[in-house]
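Heads up: numbering here begins at 1 and tracks the sequence. What you see below is based on every heavy atom in this structure, not just the backbone, and it leaves out hydrogens, waters and symmetry mates.
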Amino acid sequence: MAADALETILFDERKLPKMTDPAEIKIEEPGAFVALVSTDLTKSVANFKKM
């Protein structure tokens with residue numbers, strides 16, 4: 001579901017943000033972790049054109 005949410009958030013962006021290096025993310029909560037999420041915006045475009 002994270003990939004779908006990312007597609008929705010980025011769909012209208014004119015300039016996409018650069019990926020954050022996971023090694024640079026500081027985790028302060030015990031038990032917290034970093035998870036990479038990827039998405040294909042071409043699929044998202046096709047889905048929105050159907051609406």
**OP:** Grab the two heavy atoms, one from P22 and one from L36, that are nearest each other, plus how far apart they are.
**Re:**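 Minimum heavy-atom separation between P22 and L36: CG-CD2, 3.4 Å.
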**OP:** Grab the two heavy atoms, one from A3 and one from S38, that are nearest each other, plus how far apart they are.
**Re:** CB-O, 3.4 Å
**OP:** Not counting sequence neighbours, which residues clear side-chain contact (heavy atoms from CB on, under 4.5 Å) with A5? List them please.
**Re:** none
Subject >> Set of side-chain contact (heavy atoms from CB on, under 4.5 Å) partners for L16, sequence neighbours left out >> reply: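 L16 satisfies side-chain contact (heavy atoms from CB on, under 4.5 Å) with L10, E13, L41 only.
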Original post:
For V34, which fellow cluster members are found when Ile, Leu, Val, Met, Phe, Trp and Tyr are connected by side-chain heavy-atom distances below 4.5 angstrom, either directly or through intermediates?
Top reply: I25, I27
Original post:
Can you tell me how far OG1 of T39 sits from CD1 of I9, rounded to the nearest 0.5 angstrom?
Top reply: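 Rounded to the nearest 0.5 Å, the CD1-OG1 separation comes out at 10.5 Å.
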